[in-house]
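Below is one structure; the comments refer to it alone.
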There are 2 protein chains.
Amino acid sequence: MVTRRTESTDRKTRTDAERNRERILEVAKKAFTRSGANASLDEIAKQAGIGPGTLYRHFPTRDELIEAVYRTEVEKLAAAEQTFAETMPPLDALRAWMLLFVDYIATKKIIAPALNSMVGGPSKMFEASHAQIWEAIRVLVKRAVDSGAIRKDLDPIDLLRALIGVANVATSPDWQKSARRLVDILITGARSGG
Amino acid sequence: MVTRRTESTDRKTRTDAERNRERILEVAKKAFTRSGANASLDEIAKQAGIGPGTLYRHFPTRDELIEAVYRTEVEKLAAAEQTFAETMPPLDALRAWMLLFVDYIATKKIIAPALNSMVGGPSKMFEASHAQIWEAIRVLVKRAVDSGAIRKDLDPIDLLRALIGVANVATSPDWQKSARRLVDILITGARSGG
DNA sequence: TTGTTATCCGGAGGCTACCTCCGTTTTTAT
DNA sequence: ATAAAAACGGAGGTAGCCTCCGGATAACAA
């Protein structure tokens, strides 16, 4: 139950509001992909055919907009976890997901800026999305640990941190090979005693 | 030999120019440490007691300023490589340097912003500094490979990329433990067949 | 359909930061 | 002392950020 400040019943969100919201996300996704996290918000608003005020009402801060764009991508990543877990042996599933993670970040450049603007300021962004990613890798690691494939004291977040590193430097042409090697190293290191 | 466009002899750089340059670097270091890579350049100029024009003449772009601040820190890191290499066994030296790398980035927050503004745009920053860091870890890895401590096909840059990841997320309180675990994983993974 | 009201829109405008341009000042060298 | 090169500095054009509020519009009741 939520406290009501009047006796009037709640209304459903207006259709134009919802339509604008999605239009903003659509344009913002392209803008961030093209120009990075510093794309002009006024410009995004213009391209979406709305005023700046409308944009800022929907997404009061730049980070909130980035996070919203980011969220759909994150959900796809989280979904992949289930697929892998159901169709692969524990260690393979973990490795596959790690590779997908890196690939995803590098291909769509959406996430990288998001991760970057996370650093260097007390932004609450990422908290929600972080939970999903964390849960995905936590499940994969736990499954691998239970099967005895990797060491028990492995903290899933350590792997994530390493992966983010690759993502950040994934601008060079041969990043894919490098990423694969790194994942291999991490997997090997995580096996430890067997 | 450099081509001269006149017959006049070259002059040495003016003393006030050199003095201002160092004053800018001094102020910029504090500013970036405090406010991150987006600190106001006009503000930095003001605090250095100079006009904006002077700042931009010395450092035409923001990245060039960041890179200049960054360079001195990088040189210290590169110097540590020699110390470690002379006083430790190969594998220990490599591990120690990796830990120092992470620690350095997290403590002084100067480097993290630098790494971040590298992503998302064709900035030539980092190229010079990158060479030093790369050389440092290359030597350490080569030494470890020659001694048979780690696998021969290890690419040093892979390790760097992983470390940058830790650095980026080094804002959380327990990052040090995480960093140490991650370095251990990487070292273990790099050992492979022995 | 019409009226009422909560909700949302839009863009003008104040503010800040970026970066340049060029007249003035300072330093170097003769 | 004087000339020339080099550097300074800050006014100001431009652009992005974000807010504010009068007006428009969709949802709901009658």
Side-chain angles (χ1 to χ4, degrees), chain A residues 2-28 30-32 34-68 113 117 120-121 123 125, chain B residues 2 4-28 31-32 34-68 113 117 120-121 123 125:
Chain A
V2 181
T3 45
R4 302 191 185 286
R5 68 174 51 83
T6 77
E7 296 181 27
S8 69
T9 63
D10 291 345
R11 293 184 177 184
K12 71 176 185 181
T13 51
R14 281 168 52 164
T15 54
D16 55 346
E18 182 60 27
R19 182 166 42 82
N20 280 332
R21 184 190 158 86
E22 285 175 12
R23 207 173 268 179
I24 292 170
L25 285 176
E26 194 175 349
V27 173
K30 292 177 189 170
F32 287 139
R34 181 171 9 91
S35 316
N38 291 336
S40 165
L41 297 191
D42 280 27
E43 181 62 26
I44 289 176
K46 193 180 297 180
Q47 287 184 15
I50 61 173
T54 302
L55 189 152
Y56 282 95
R57 195 175 328 100
H58 282 288
F59 307 98
T61 71
R62 162 180 246 95
D63 280 353
E64 276 176 84
L65 176 55
I66 292 177
E67 208 273 340
S117 89
S123 155
M125 178 181 60
Chain B
V2 181
R4 302 190 185 285
R5 67 174 50 84
T6 77
E7 298 181 26
S8 70
T9 63
D10 292 346
R11 294 185 176 183
K12 71 176 186 182
T13 52
R14 276 169 54 167
T15 54
D16 55 345
E18 182 59 26
R19 182 165 42 82
N20 279 333
R21 184 190 157 86
E22 285 174 13
R23 208 174 265 179
I24 292 170
L25 285 176
E26 194 176 348
V27 173
F32 287 139
R34 181 170 10 91
S35 316
N38 291 336
S40 165
L41 298 190
D42 280 28
E43 181 63 26
I44 290 176
K46 191 180 297 179
Q47 287 184 15
I50 61 174
T54 301
L55 189 152
Y56 281 94
R57 194 174 327 101
H58 281 288
F59 307 98
T61 71
R62 162 179 248 99
D63 280 353
E64 277 176 83
L65 177 55
I66 292 177
E67 208 273 339
S117 87
S123 156
M125 177 181 57

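Source: prediction; values computed, not measured. In the text below, chain A, chain B and the rest are named by the order of the sequence lines, each starting its count at 1.
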Below 4.0 Å: OP1/OP2 of [N] and any side-chain N or O of [X]:
{"X": "B:R14", "N": "C:dT26", "answer": "no"}
{"X": "B:T54", "N": "D:dG9", "answer": "yes"}
{"X": "A:T61", "N": "D:dC18", "answer": "no"}
{"X": "B:N20", "N": "D:dC8", "answer": "yes"}
{"X": "B:H58", "N": "D:dC8", "answer": "yes"}

Inset, instruction - Quick one, give me the B/S/- string for nucleotides 11-16 of chain D, reading 5' to 3', where B means a protein heavy atom under 4.0 Å from the base and S means that only happens at the primed atoms, P, OP1 or OP2. - result: -----S
Could you check whether any side-chain heavy atom of [X] comes within less than 4.5 Å of a side-chain heavy atom of [Y], counting everything from C-beta outward?
{"X": "A:I66", "Y": "A:F59", "value": "no"}
{"X": "B:E18", "Y": "B:R14", "value": "no"}
{"X": "A:Y56", "Y": "A:T61", "value": "no"}
{"X": "B:R19", "Y": "B:T15", "value": "no"}
{"X": "A:F32", "Y": "A:L65", "value": "yes"}
{"X": "A:I50", "Y": "A:R23", "value": "no"}

Rounded to whole angstroms, how far apart are [atom1] on [X] and [atom2] on [N]?
{"X": "B:K46", "N": "C:dT16", "atom1": "NZ", "atom2": "C1'", "answer": "11 Å"}
{"X": "B:D16", "N": "D:dA7", "atom1": "CG", "atom2": "C1'", "answer": "6 Å"}
{"X": "A:L65", "N": "D:dC17", "atom1": "CG", "atom2": "P", "answer": "11 Å"}
{"X": "B:R57", "N": "D:dG10", "atom1": "CZ", "atom2": "P", "answer": "12 Å"}
{"X": "B:I24", "N": "C:dC19", "atom1": "CD1", "atom2": "P", "answer": "14 Å"}
{"X": "B:E18", "N": "D:dA6", "atom1": "CD", "atom2": "C1'", "answer": "14 Å"}
{"X": "B:R19", "N": "C:dT28", "atom1": "CZ", "atom2": "P", "answer": "11 Å"}

Is there any protein nitrogen or oxygen under 3.5 Å from a nitrogen or oxygen in nucleotides 1-5 of chain C, and what are the pairs?
residue, atom, partner, partner atom, Å
C:dT5, O2, A:R11, NH1, 3.4
C:dT5, O2, A:R11, NH2, 3.3

Legend entry - Most 5' of B:I50 and B:K12 on DNA chain D, judged by nearest nucleotide: B:K12
Inset, instruction - Nearest-nucleotide wise, let me know which of A:R21 and B:Y56 is further upstream toward the 5' end of DNA chain C. - result: A:R21
What is the minimum heavy-atom distance between [X] and [Y], and which atoms define it?
{"X": "A:L41", "Y": "A:L55", "result": "O-CD1, 3.5 Å"}
{"X": "A:A68", "Y": "A:L25", "result": "CB-CD2, 3.6 Å"}
{"X": "A:R62", "Y": "A:N38", "result": "NH2-C, 3.1 Å"}

